[in-house]
S.K.: 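Take a look at the following structure, please.
Excluded from the calculations below are hydrogen atoms, water molecules and symmetry mates; all remaining heavy atoms, backbone and side chain alike, are included. Sequence lines set the chain letters: A, B, ... in the order given, protein chains first and strands last, and positions in each chain run from 1.
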2 protein chains.
Amino acid sequence: MDKKVLENLELLQKRLNVCKAVANAKRLQILDLMRDGEICVCDITSAVDLEQSNVSQHLTVLKNAGILTSRRNGQHVLYKVRNEKIFDFMDALDALLLEELETASKLLKGLQ
Amino acid sequence: MDKKVLENLELLQKRLNVCKAVANAKRLQILDLMRDGEICVCDITSAVDLEQSNVSQHLTVLKNAGILTSRRNGQHVLYKVRNEKIFDFMDALDALLLEELETASKLLKGLQ
DNA sequence: TTCATATATTATAATATTCTAATTATTCAA
DNA sequence: TTGAATAATTAGAATATTATAATATATGAA
């Protein structure tokens, strides 16, 4: 990892933008829905229990952060992740959390 | 990755907690300061250009999210990450952003 | 004990985020 | 073209987050 590049202010801002974009329960859920590929706004709306307008707002946040792209197909608009590496990012978080769960579980066993 | 586990509500909440905890410019900066290991509150304060009380608040957020631990050493309190995998998480984000930068750079070259 | 240094806590004002409701825009089919 | 379905935009109220200022707590040295 090139530290010089990471000190680039614009990149730091993008790092923050992505973190802020995913720091919301509904948007995390929406991102998970995209692991299987493109999905239309109406399918997202029925999956996440939010008003359509609110889903659209969340999608805009994710798109503005550079995480999603969209294309129209007839009446529908399909969204997908711009770069699959966003899932590596999410998976790295899950790996951390799962390790912590295992550590806690082992501690509990030790107490038995 | 075990999807069943990830559907665990508590884990989803922890995922959100971590995302929210890192979704702040100063806290991202504080986390970076910990890549070299333990660091005391006073050194963090002088590094990040914030009031001491505010630094303490940010550290509390990171600690409550399970990201940091602390120990007292005399007058000083030293903080460090609980699990180094938090850096894998951050590095995965940087990898995504750097790839996007490269893609953009190649596109620009193509236009020349 | 008393003082100086380091850290934490609390209240509050300023700002940002989120959801709802209403409206607007876009597409397709009748 | 009109209407129905899908999606986006806007305004707002409610809530959450942030920084500041003031205060409290904890430690070590004198």
S.K.: Taking the basic N atoms (NZ, or NE/NH1/NH2) and the acidic carboxylate oxygens, is any pair closer than 4.0 Å for A:K14 and B:E100?
M.R.: no
S.K.: From NE2 of B:H76 over to C1' of C:dA8, roughly how many Å is that when rounded to an integer?
M.R.: 15 Å
S.K.: Just how far, in rounded Å, is P of C:dT5 from CG of B:D43?
M.R.: 16 Å
S.K.: To the nearest angstrom, how far is A:I44 atom CD1 from D:dT6 atom P?
M.R.: 14 Å
S.K.: Which listed nucleotide (D:dA8, C:dT27, D:dT6) is nearest to the side chain of A:R72?
M.R.: C:dT27
S.K.: Walk me through it: do B:H58 and B:L50 pass the test side-chain contact (heavy atoms from CB on, under 4.5 Å)?
M.R.: CA-CA 10 Å; B:H58 283 307; B:L50 283 180; 3.6 Å; yes
S.K.: Scan side-chain atoms only and decide if B:S70 and B:K63 contain a donor-acceptor pair under the 3.5 Å cut-off.
M.R.: yes
S.K.: What I want to find out is whether B:D32 reaches B:R35 closely enough, with some N-O distance under 4.0 Å, to be called a salt bridge.
M.R.: yes
S.K.: So if I define the base as every atom that isn't primed, P, OP1 or OP2, how would nucleotides 14-22 of chain D read as a B/S/- string at a heavy-atom cutoff under 4.0 Å?
M.R.: ---SSBBBB
S.K.: When rounded to the nearest 0.5 angstrom, what is the spacing between CG in B:D43 and CG in B:L33?
M.R.: 9.0 Å
S.K.: Take the protein atom CG of A:N17 and the nucleotide atom P of C:dT17, then report the distance between them rounded to whole Å.
M.R.: 10 Å
S.K.: Please figure out whether B:Q75 or A:L78 has its closest DNA chain D nucleotide nearer the 5' end.
M.R.: A:L78
S.K.: Rounding to an integer number of Å, can you tell me how far A:L62 CG sits from D:dA8 P?
M.R.: 12 Å
S.K.: State, with a plain yes or no, whether a side-chain heavy atom of B:L68 is found less than 4.5 Å away from one of B:V81.
M.R.: yes
S.K.: To the nearest angstrom, how far is A:N73 atom CG from D:dA7 atom C1'?
M.R.: 14 Å
S.K.: So, does A:Y79 get its side chain near the phosphate of D:dT6, meaning an N or O under 4.0 Å from OP1 or OP2?
M.R.: no
